Chemist: 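There's a structure below that I have some questions on.
Computed from a prediction, not measured in an experiment: that's the story for all the values here.
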Amino acid sequence: MTANPLLNGLNEPQFQAVTLPPRSALILAGAGSGKTRVLTTRLAWLISTGQVSPHGILAVTFTNKAAKEMLARLTAMLPMNARGLWIGTFHGLCNRLLRAHWREAGLPQLFQILDTADQLSAIKRMLKALNIDDEKFPARDLMYFINSAKEQGLRPNEVEAWDDFARKRVELYQSYEAQCQREGVVDFAELLLRCFELLSRNEPIRAHYQRRFRHILVDEFQDTNVLQYRWLKLLAAQGSEHEAAVMAVGDDDQSIYRFRGAEVGNMRDFEREFHVDSVIRLEQNYRSHGNILDAANAVIKHNDGRLGKNLWTEAGSGEPLRVYEAFNDIEEARWVVEEIRALISDGAARSDIALLYRSNAQSRVLEHALFSAGIPYRVYGGLRFFERQEVKHALAYMRLIANPHDDTAFTRVVNFPTRGIGARSLEQLQDAAQAHGTSLYGALNFLTGKAAQSVGHFIGLVDQLRFACEGLKLPEMVEQVLELSGLRAHYQNEKEGQDRIANLDEIISAATNFISEEGYAQVAAEDEAAPPDPLAAFLSHASLEAGEHQADAGQSAVQLMTVHSAKGLEFDAVFLGGLEEGLFPHENSILEREGLEEERRLMYVAITRARKRLYLSFAQSRMLHGQTRYNLRSRFFEEIPAELMKWLTPPANARGFGGFGNDRAAQPVASSNPRTFGSARKSGGNATGFHVGQQVTHAKFGAGVIVNAEGSGSDARVQVNFGRDGVKWLALAVAKLSAA
DNA sequence: TTAGCTGGAGTTTTT
DNA sequence: CTCCAGCTAA
C-alpha cells in the first residue's frame, strides 16, 4: 500500500476508485457512500502523484453548490492555486469557453444569458410581434419545445416536423433563434449547444481542449442529457488515440430528472462507448441505520433494468420505520407537529429534522401547523435572490449598460419606475423596430409624436447610465444604477418597499463579494481569453447562480422541502408525508412504466435521506385543488417488508394495494378504512352494494368494471373503466350505476 | 396607469 | 383552494 495520507480511511472500493489507472471508469455511487470524498480524493491523488497537472483536469457538476464544495474540499486536501482548475457546472464551463472564444462562436463579446423567466418573456414578446395566436401556441409550451430540441442537440432544420402544427413550431423556434442572435442573448440550453457546436466545428479550438484535458470527472452522471453526453464525448476525444480518462460518477437509482431531459441510458452508453472494463460500486453506506437501508433496497428492487447495487452499513439496524395513517391532511400535519415536539424535547436539533413531500402544494398545511405550534421552520424552494423582481429590474438596467440592444432588459424597465410609456407607445416602438429590423433602442429614430418624446427620455437615461458608469468599479456602478434609474426612490415611496430596498443594497454587497471572490477570479484566470469585462461576468454570475433559495438563516429551523430538493442532503429524522396513490406516486406518472419507476427512484431518494429515524405517513382524505380527495395509501408501502415498519395506528388490514388485479376484487366500497371516525362515516359499512372488480352498467357509458373506490357514505366514489370511453370517477350518490 | 376582476390551471427543478 | 395572467373599467 502507498504511504500517501490522502488514501487513509478509504474503504476498499473507494480506494480502488481513487487509484484507478488513467482509463475511463464508471463509479456507481450509492446514497451516502462517500461519493464526493471519492471524487475530490481522486483529483488530489492524480495531482499529488504527478499524473496530471491541475491544468489538465476538467471536473463537471450540475449545481454550483456541488462545484464549490468540490473545489473547497480539494484545496483543503491539497493546498494549491485554484487558477487553471476547471471545476464547474456544465453551464458555467460552457459560458467560460464561449467568453474565451466569443468571436468563433458567433456571439457578441458581451452576450447576455437569459434565465428561464427572461426566456419566457422573450418568447412572449416574439409571439406578440409575429401576431401568433397564443391559444394555439402557448409561450410555455413553445419554450419547452425549444429547450428540449436544444437539449437533444437539434437546430430548427434538424427537427422533424410532419404536420402543419409541428412545422409552425419549428418556424417559431427559428424566429426565436434569430431574435436571440439579433439581441445578443443566449438561453441556458443555448450555452451548451453553442459550445458543443463551437468545439465540433472549430478544429483548432477542439484540438486545443482535447489535448489539454487529460482527466475528466463527471458528478451525478445519471442526470446528464443527450447534449451534455455528446459534449463530454467530444471534449474527451472519445474514440481517438488522445482520449481522455473520464470518470463518471453516478447512481442510476437516484435519477429523478427525466422530466427535464436527463437520460439514464447515458450510463450504459458510457460503459459501452468508453470501453469501461470495471464498474466500481460504492455500496457501503455511512449515513443510515440498517432498517432504513433495507427499506430503500427493497423498494428500488421493484425497478427493471437497474445497473444493480445494494446498500449496506456497519451501523446497527436501528429503529423500525414509523408509519402513521391519518384521517386527513390536517390531522397528518397535527401528528407531525406532535412528533417534532417530542423529538425536540428529546434533544434533537430542529435543523436535523426534515419534512419531505412530493409536491410543493403539500407544504401549506404543514406550515400552518408548525406556525400555530410556534416551531421555527424553513421552506426551501421559494424565489431566489437574483430572481426577485426588484433585483431583476436593477440587473436589467445594468444589462442595458452592457448592451442597449437587449430588448428583454429594455422592455422590462422601459416603464419601471413608471415614466409615462404605456402600451401604445411601446407598441409603436415595437412596430418601428420590427419594420426596420433594429432593436427597440435603435428604433427611437423612427418614432414620431408623443411616443418619441417619452421613449427618447428613457433612451437618454440609458445613455446617461452608460456614461456615468464608465470606468466605475462594479459596486459603484450598481450604486449609480439604483440612484439614476429611480429604483431606490421608487421603493422608498412604496409602503412595503423596505425589504426591496434591502435587496437592492444587497446587490451592492454581492458585487463587492463577486469582485473579491472566486467567481470572477476564476474567469479572470482563463489563459486564452482577454481580460473579462467585470460587468458581463457579474451578469453571467447572476443568471447562472441565482443565489440562495432563502436568505433567512436565523435560529435553527425544521426543514421543509420537496423530495427533489432533498437529494444530496441528510437528516437525523425525516418525515415523509402524503404517501398516497395519485400523490406519491403522482397520478401523472402512474400510467407508464418509465414514469412509475422514476417515482420509485424518488421514493428511494426520500428514504435514504434519513440517518436514524424515518416516519412515513398518509391520509385517508386530503384537500387538493379545493376538493376533498380520497386516496388509497401508496403502493410503496407494499414494497417495504412489513417487519421493517412499526404502525403507530392500527395496522393496515387486508386492503393492501395490489394494482388492478384480482386480489382487490373483494374490496368493499366504503369500508376500506381500518379506523372509523365518528360522523365521518355516515352510512357505514358496505351499504352501497358495489365492490372493486364488479361489472356495472351506466346509462351513458354502457358497460364497465369498477377498478377503484374511495370515500364512504355520501362521498363514496368509484372509478369505472368503460373501455373505449375511458376510465371515469363517478359519485355513487349522483351517477346511475347498476350491477350488470 | 393601475386596481380589481375573472378564468384557468394546478408535479418535480437547475442552469 | 389559491395563485397567476390577462383583461376591463375608472
Chemist: For Arg258(A), run the salt bridge (Lys or Arg N to Asp or Glu O under 4.0 Å) check against Glu151(A), Glu599(A), Glu592(A) and tell me which one passes.
Modeler: Glu592(A)
Chemist: Ignoring hydrogens and geometry beyond distance, is a side-chain donor-acceptor pair present between Gln559(A) and Tyr380(A) at under 3.5 Å?
Modeler: yes
Chemist: Base, sugar-phosphate, or nothing: which does Ile421(A) touch, judged by heavy atoms less than 4.0 Å apart?
Modeler: sugar-phosphate
Chemist: Do Ser565(A) and Thr562(A) get their side chains close enough for a donor-acceptor pair, meaning under 3.5 Å?
Modeler: yes
Chemist: Using atom CG of Leu544(A) as one end and atom C1' of dT13(B) as the other, report the distance to the nearest whole Å.
Modeler: 16 Å
Chemist: Quickly work out the Glu151(A) CD to dT13(B) P distance and round it to whole Å.
Modeler: 16 Å
Chemist: Which residues pass the ring-ring contact (aromatic ring centres under 6.0 Å, His included) test with Tyr257(A), not counting sequence neighbours?
Modeler: Phe259(A), His564(A)
Chemist: Rounding to an integer number of Å, can you tell me how far Gln228(A) CD sits from dT14(B) C1'?
Modeler: 10 Å
Chemist: Report the distance from atom CE of Met143(A) to atom C1' of dT15(B), rounded to the nearest whole Å.
Modeler: 12 Å
Chemist: For the pair His490(A) (side chain) and Gly486(A) (backbone), establish whether a donor and an acceptor sit closer than 3.5 Å, ignoring hydrogens and angles.
Modeler: no
Chemist: How do Thr63(A) and Arg424(A) order along DNA chain B: which one's closest nucleotide is nearer the 5' end?
Modeler: Arg424(A)
Chemist: At what distance, to the nearest 0.5 angstrom, does OG1 of Thr36(A) lie from CZ of Arg73(A)?
Modeler: 5.5 Å
Chemist: Return the value, rounded to whole Å, for the distance between atom CZ of Arg140(A) and atom P of dG8(B).
Modeler: 18 Å
Chemist: Using the ring centroid of each side chain, check whether Tyr209(A) and His101(A) are separated by less than 6.0 Å.
Modeler: yes
Chemist: Could you list, one pair per line, each protein nitrogen or oxygen that sits under 3.5 Å from a nitrogen or oxygen of nucleotides 9-12 of chain B, together with the distance?
Modeler:
residue	atom	partner	partner atom	Å
dG10(B)	N3	His625(A)	ND1	3.3
dT11(B)	O4'	His586(A)	NE2	3.2
dT12(B)	OP1	Asn360(A)	N	2.7
dT12(B)	OP1	Asn360(A)	ND2	3.1
dT12(B)	O4'	Arg358(A)	NH1	3.1
dT12(B)	O2	Arg358(A)	NH2	3.2

Chemist: Would you say Asn415(A) places a side-chain N or O within less than 4.0 Å of OP1 or OP2 belonging to dT1(B)?
Modeler: yes
Chemist: Once you round it to whole Å, what is the distance between P of dT13(B) and CG of Leu120(A)?
Modeler: 18 Å
Chemist: Counting side-chain heavy atoms from C-beta on, which of dT15(B), dT1(B), dT14(B) comes nearest to Thr418(A)?
Modeler: dT1(B)
Chemist: Between dC3(C) and dT14(B), how far is it from one C1' atom to the other, in whole Å?
Modeler: 23 Å
Chemist: Please state whether the base of dT15(B) and the side chain of Thr116(A) form at least one donor-acceptor pair under 3.5 Å?
Modeler: yes
Chemist: Show each protein N/O and nucleotides 3-7 of chain C N/O combination with a separation under 3.5 Å, one pair to a line.
Modeler:
residue	atom	partner	partner atom	Å
dC3(C)	OP1	Arg364(A)	NH2	3.1

Chemist: Between dT14(B) atom C1' and Gln222(A) atom CD, what is the distance in whole Å?
Modeler: 14 Å
Chemist: Do other residues, nucleotides or ligands put more than 12 heavy atoms under 6.0 Å from Asn588(A) CG?
Modeler: yes
Chemist: If I take atom CZ in residue Phe62(A) and atom P in nucleotide dT14(B), what distance separates them, rounded to the nearest angstrom?
Modeler: 13 Å
Chemist: How far, in whole Å, is dT11(B) from dG6(C) if one measures between their C1' atoms?
Modeler: 25 Å
Chemist: For the C1' atoms, the ones on dA5(C) and on dT12(B), what distance do you get once it is rounded to whole angstrom?
Modeler: 23 Å
Chemist: Could you tell me whether Phe618(A) and Phe584(A) have their ring centroids closer than 6.0 angstrom?
Modeler: no
Chemist: Taking the six-membered ring for Trp, is the centroid-to-centroid distance between Phe90(A) and Trp231(A) below 6.0 Å?
Modeler: yes
Chemist: Under 4.0 Å, counting only non-hydrogen atoms across every strand here, what does Asn64(A) touch: a base, just sugar-phosphate, or nothing?
Modeler: sugar-phosphate
